[in-house]
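See structure below.
In what follows, chains carry the letters A, B, and so on, assigned in the order in which the sequence lines appear, proteins first and then strands, with residues in each chain numbered from 1.
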2 protein chains.
Amino acid sequence: MLRRINAGEWPVGADIPNEVELVAEFSAARGTIQRALSSLVEQGLIERRKRAGSRVVPPRAHASKLSIPLIREEIETRGFGYGYKLLERRVLPASKGTGKRLRLVCLHLADGRPFQLERRDINLAALPQAERESFQSAGPNEWLVREVPATRIVTRISAEAADAATARLLDLPEASPLLIVARETFKADAPLTEVRMLHPADSYEVTTVSF
Amino acid sequence: MLRRINAGEWPVGADIPNEVELVAEFSAARGTIQRALSSLVEQGLIERRKRAGSRVVPPRAHASKLSIPLIREEIETRGFGYGYKLLERRVLPASKGTGKRLRLVCLHLADGRPFQLERRDINLAALPQAERESFQSAGPNEWLVREVPATRIVTRISAEAADAATARLLDLPEASPLLIVARETFKADAPLTEVRMLHPADSYEVTTVSF
DNA sequence: TGACGCTTTATGTCTAGACATTAATCATGG
DNA sequence: CCATGATTAATGTCTAGACATAAAGCGTCA
């Protein structure tokens, strides 16, 4: 079926044969045909509606898997030595809107050069055990990933010019372009953590491949 | 099962009951249990090996769906008026490494302000019909997604400072930060098109949500 | 001890059939 | 002509059972 769609035998917009016909044509059970069609739906190639049948969908906005790996591995797979420094660790009192939070600022280095500046707030109401961690020798991300599985993750990727303080920390000229990955994670609607990861533009990019 | 994993009833690393036990416990057929487990595998929550059983895996690098929509819709859903200008259209002769290509430079505007500068090369060996298109009034992306489904897509997101020419086209001060989405698409290993989409950093970001 | 092959136990996949659900379509009455 | 309800044709989901396949573990023999 995949081949037919790619080859244009089933052109965009066309109804594809219904399940019973496909069962006959491929001499497979309906369950098998169903699985195949479901897989095509997941790949965004067809659309199925009860009673109306299945249609080849115009290839739309391409959805591909974006995976944001652990920064340590990211650096090590590039063959650099990984370094880590905790720059700030402070408990912010509760204020309107947000509860008590743990603020962390850390620097991740590749071969001694600044690679990522991580500014993170951890919601202590949801994760009180974070207050007992020092985060002196390892970044909070590795701890968090181990500690709690998040149920919802929002990632935003943007660019920005470095302000003076950030430029100094990343050892860059002021106003250098930065690539910023911001992420919020939630567990059942309770915010867990909010992080902004800032990278010198020339040393980082986000890559995704889809088939 | 999802609840149990999230609640830690099935802790990370633990073997989960085998299919026959789950069938008994949930009073469902094995096929149904299988589907549930497969879905957990897809979500990256468990790992299954024949003979060895299924295990809860440590939540790793989060993978989420990244979708890059059509620029026109992107602009219109934000409530801006969409504008389009073709700045350059030129056939590049074949040279070593690459075949004949069609180079396009276009500007997409939101309410008359530059929003995206698109520099695109289309491989004319794979898509000769592109040469007959003028791309005067609509961007090549919409034509391309209609014309050929790609089988492989590589997307890279990066940041960069605007050079003089680019800054002028986007009506920005020189050296302003840009967010750049670069994409290469292939059909069965033949390159189709290669595009760099440049955005003023303060007007664009890439967002992804995963559950 | 170690290589090899057999057994066993788990997952992987399929089949055939049943019933549920949804929504397009048609028929009917005001 | 329109609204409303009945029909029906498609997909959605499940069950029970079968066989395939991979790999862990065991036994045997050189």
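In this structure, the CG atom of B/Asp15 is 10 Å from the P atom of C/dT11, given to the nearest Å. As rounded to whole Å, 14 Å separates atom C1' of D/dC19 from atom CD of B/Gln34. With rounding to whole Å, A/Leu40 atom CG is found 12 Å from D/dG12 atom P. We find that CD1 of B/Ile33 is positioned 11 Å from P of C/dT11, with the value rounded to whole Å. Atom CG of A/Leu37 and atom P of D/dA10 are 14 Å apart (whole Å). Rounded to whole Å, the distance from CZ on A/Arg55 to C1' on D/dA10 is 15 Å. What separates CD of A/Glu21 from P of D/dA9 is a distance of 13 Å, to the nearest Å. At whole-Å resolution of the value, CZ in B/Arg48 and P in D/dT21 are 18 Å apart.
Between B/Ser54 and C/dA10 there is no side-chain N or O to OP1 or OP2 distance below 4.0 Å. For D/dT13, neither phosphate oxygen OP1 nor OP2 lies less than 4.0 angstrom from any side-chain nitrogen or oxygen of B/Thr32.
Comparing atom distances between the B/Arg30 side chain and each of D/dT15, C/dT11, D/dT13 picks out C/dT11 as nearest. In this structure, the nucleotide among D/dT11, C/dT15, C/dT11 sitting nearest to the side chain of A/Ala29 is C/dT15.
Taking A/Asn18 as the reference, A/Val20, A/Glu21 meet the side-chain contact (heavy atoms from CB on, under 4.5 Å) condition, with sequence neighbours excluded. Residues satisfying the side chain to side chain donor-acceptor pair (under 3.5 Å) test with B/Arg72, not counting sequence neighbours, are B/Glu142. The side chain to side chain donor-acceptor pair (under 3.5 Å) search around B/Gln34 returns B/Glu19, not counting sequence neighbours.
Residues in residues 128-148 of chain B take part in these ring-ring contact (aromatic ring centres under 6.0 Å, His included) pairs, two or more places apart or across chains: B/Phe135-B/Trp143. Here ring-ring contact (aromatic ring centres under 6.0 Å, His included) pairs that include residues 98-128 of chain B, with residues two or more places apart or in two chains, are B/Tyr82-B/His108, B/Tyr84-B/His108, B/Phe115-B/Tyr204.
Contact annotation for A/Ser27: backbone-only contact, meaning every heavy-atom pair under 4.0 Å involves sugar-phosphate atoms and none involves a base.
For the residue pair B/Leu170 and B/Gln116, the shortest heavy atom distance occurs at CD2-C, 4.3 Å.
Counted by atom type alone, B/Thr166 and B/Arg119 present one or more donor-acceptor pairs between their side chains at under 3.5 Å.
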Expected rows: protein N/O vs nucleotides 23-27 of chain C N/O, under 3.5 Å:
unit_1, atom_1, unit_2, atom_2, d
C/dA24, OP1, A/Arg49, NH2, 2.2
C/dA24, N3, A/Arg51, NH1, 2.9

